[in-house]
Structures are given as structure tokens and as C-alpha cells.
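Ligands are counted one by one from 1 in listed order, and the atoms in each one are counted from 1 as well. Side chains included, hydrogens not; waters and symmetry mates left out as well; all remaining heavy atoms used. For reference, positions follow the sequence shown, starting with 1.
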Amino acid sequence: MSSSSITLYASRAGFGITDTSPFVIKTEVQLKMAGLAYDRASAIPPQAPNGKLPFINDHDEVVSDSTFIRAHIEQKYEVDLDEGLDTRKRAESWAIERLLEDHLYFAMVWFRWIDPENFAKGPAHFADSAPEADRAQLRHDLQARKAVELHAQGLGRKTPPQIAELGKRSIDALSQLLGDKSYFMGDSPSGVDATAFGVLAAVLTPFFDTPLRQAAERHPNLAAYVDRMMRRYYPEHAWNP
Ligand SMILES: N[C@@H](CCC(=O)N[C@@H](CS)C(=O)NCC(=O)O)C(=O)O
């Protein structure tokens, strides 16, 4: 039994960021925004009820999927992570979240998992704890599963320059939408910032060399935003882009 009675089942810190999964970062930041105490436990996707991280156990109630976890904590603990936002701003937040989670995330995943150099320095190491004799096959299987997922999603059917071009358009749009504000919806952070931070930190981490990172680095407001969010929610983390 955890000391706080909410356990966040996360991946782990890595690739220069506080968790290798942007969705885990989103949920962790939203727990922090809600002011809820929680413990972190490392898990792997097959342990999750829906096969994906994150999930939480809140006093023996298990909730999976970052969006449903947010809805659960807002309802149960009577917090509104979009407090002060009107219906238009809430709609914009949802649209930005979809851009991040259903588009830019997958472009980031492609350059992390399918690009051979990035795969070798990053996700290939997920197999390191397997017996040495099994590692090569496990690495192959992990990458092949991601390729199937990206093919089904659609981006995996495109060429690397096309994936870069589409991802860049999302990055350019995010830079415009943020503008000179401190946070996406204004002077204070709201729910969408947890999502934006998770995906943009994964894009901007210096750990991987990708055209998406280059595109994001051309927007000083995005780099400053990730720095701002990192300092606010993970002041202990050494973020060195
Ligand atoms: N819609 C889910 C997406 C979560 C997700 O895609 N998690 C990834 C890690 S970033 C995962 O666990 N993938 C494992 C897999 O697909 O096998 C959410 O919002 O929580």
C-alpha cells in the first residue's frame, strides 16, 4: 500500500527527460497541478489494463488512459485544471491536445523508434534487462511492433521527409498558438500545458537528433516554454538542451 494511496504507474526517466513517455509526464504534471500526493512505480505497458502507460491506482480504483485519469481526478477531488477558462478556451485546449497526442506524438515516435540511429541509442535499450541471448530478437520485435502501430495510424506509410514536414507544420502551429504567452491559455498553466510539455520535451530533448527537434529549436518561444514548465514542475531535473 503506498503512503499517498495514489500510485502512478509510469515508465522511467530517460532520454534526457523525466519519463520516456509523454503521456506519463502529462498525468504526472496534472497530479501536481491538482496538488495531489502520489507515489510513482515503474511499469511496462503489458502490465497496464489497456496495454499502455500511464495508469493509476487510486485507493484500489484503477484508471487507465491519461485523459480518463484527468477526468477521474477532477471529478473525485473536485478540481478543475481549466479553472477560469471559458468554453471557447476549453475547446481550443481540446483541439491542441488532439494535435499533440494524435499527430505530433506519432511523428516523434517515428523518429525515436524507426530511425535506426535513434532507435539504437534509445528504445533498443528497453531490451537491456533481458537475457543476453534474447536481446537482439526482443529489440527486433519491439521495433517491428511500433512499425505496425505507425502503419495503422498512417504516418508510418509516409517517407521520412514527409513525416518531418507534417510534424514541422504541427510544431509551427504550436509556436503560433503559444505566441508570447507564458502558457498555452495565458499567464497561468492549465490542463493542456501538461500535454504540450510532455510532447514538446520529447521533441526537444537533446538526446535524439531529429528534424522535429531542429524545427522546434527554430522557435525560441517553444524552447523557453519547455524550460519554464520543467523548472516549475521538475525543478530537480537537469534539463540541458
Ligand atoms: N491514449 C493513451 C496513450 C498512452 C500511450 O500511447 N502510451 C505509450 C507510451 S508513450 C505506451 O504505453 N505504449 C505502449 C504500446 O503501445 O505498446 C493515454 O492518453 O494514456
Side-chain angles (χ1 to χ4, degrees), residues 6-34 38 40-58 61-75 81-82 93-115 118-119 122-127 129-130 137-156 167 170 191-205 207-208 210 212:
I6 297 180
T7 302
L8 167 63
Y9 290 90
S11 182
R12 57 185 126 157
F15 309 158
I17 26 191
T18 53
D19 198 282
T20 57
S21 162
F23 292 98
V24 167
I25 292 179
K26 167 187 170 183
T27 292
E28 183 161 46
V29 169
Q30 290 181 341
L31 286 165
K32 290 172 190 261
M33 286 174 166
Y38 64 93
R40 244 183 97 107
S42 263
I44 53 171
Q47 294 169 319
N50 66 355
K52 286 179 187 278
L53 298 172
F55 65 101
I56 62 163
N57 184 321
D58 180 0
E61 189 179 352
V62 175
V63 186
S64 352
D65 191 290
S66 63
T67 299
F68 292 127
I69 296 171
R70 171 179 172 176
H72 166 86
I73 61 181
E74 288 189 316
Q75 201 174 9
L81 300 184
D82 287 348
S93 299
W94 178 257
I96 293 171
E97 272 196 48
R98 292 306 101 225
L99 175 86
L100 287 155
E101 295 187 3
D102 297 335
H103 186 259
L104 184 54
Y105 166 77
F106 286 103
M108 180 282 291
V109 166
W110 193 93
F111 284 103
R112 194 187 266 192
W113 280 81
I114 309 300
D115 176 274
N118 284 331
F119 178 72
H125 289 286
F126 290 150
S129 52
Q137 184 63 44
L138 184 56
R139 286 189 183 120
H140 174 272
D141 293 350
L142 285 170
Q143 191 183 40
R145 255 211 327 266
K146 233 16 134 180
V148 167
E149 190 190 334
L150 287 159
H151 191 262
Q153 187 271 343
L155 276 184
S170 289
V192 66
D193 290 299
T195 311
F197 169 61
V199 176
L200 287 171
V203 165
L204 273 163
T205 177
F207 190 88
F208 295 112
T210 73
L212 301 183

Completion exercise
Note: P45, heavy atoms under 4.0 Å from ligand 1, region reported as side chain
Practice task
Using distance alone, determine whether K26 and ligand 1 share an N or O pair under 3.5 Å.
Solution key: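 No - when backbone and side-chain N and O of K26 are compared with those of ligand 1, no distance drops under 3.5 Å.
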Exercise for the section: May I ask you to check if ligand 1 and K52 share an N or O to N or O distance below 3.5 Å? Expected result: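 The answer is yes, given that K52 and ligand 1 share an N or O pair closer than 3.5 Å.
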Practice task
Could you tell me whether E101 and K52 make a salt bridge, using a distance below 4.0 angstrom between a side-chain N and a carboxylate O?
Solution key: no
Problem - Side chain D19, main chain A13, donor-acceptor under 3.5 Å - result: no
Practice task
Compute the minimum heavy-atom distance from E149 to ligand 1 and say whether it is under 4.0 Å.
Solution key: yes
Practice task
Using non-hydrogen atoms of the residue, decide whether F55 is closer than 4.0 angstrom to ligand 1.
Solution key: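 Contact absent.
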So do [Y] and [X] actually touch side chain to side chain, heavy atoms under 4.5 Å?
X    : Y    : value
Q47  : I44  : yes
I69  : K26  : no
L150 : F106 : yes

Practice task
Verify whether the ring centers belonging to F15 and F126 lie closer than 6.0 Å.
Solution key: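 They qualify: ring centres under 6.0 Å apart.
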Got the closest protein heavy atom to [atom], with its distance?
atom                    : value
atom 10 (S) of ligand 1 : S21 OG, 3.0 Å
atom 17 (O) of ligand 1 : G51 O, 3.9 Å
atom 20 (O) of ligand 1 : S66 N, 2.8 Å

Problem - For P54, the ligand 1 atoms whose distance to one of its heavy atoms is below 4.0 Å - result: 20 (O)
Practice task
Could you tell me the separation between the CD atom of E149 and the NZ atom of K146, rounded to the nearest 0.5 Å?
Solution key: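 Between E149 CD and K146 NZ, I get 4.5 Å after rounding to 0.5 Å.
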Fill in the blank from the handout: Exactly one candidate in L204, T210, L212 meets side-chain contact (heavy atoms from CB on, under 4.5 Å) with F208; the answer is T210
Practice task
From the options L53, V199, T20, V24, select the one whose nearest heavy atom is closest to atom 7 (N) of ligand 1.
Solution key: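 Selected option, by shortest heavy-atom distance: L53.
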Problem - Selection from D102, T195, I25, D65 by shortest heavy-atom distance to atom 1 (N) of ligand 1 - result: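 Minimum heavy-atom distance to atom 1 (N) of ligand 1 goes to D65.
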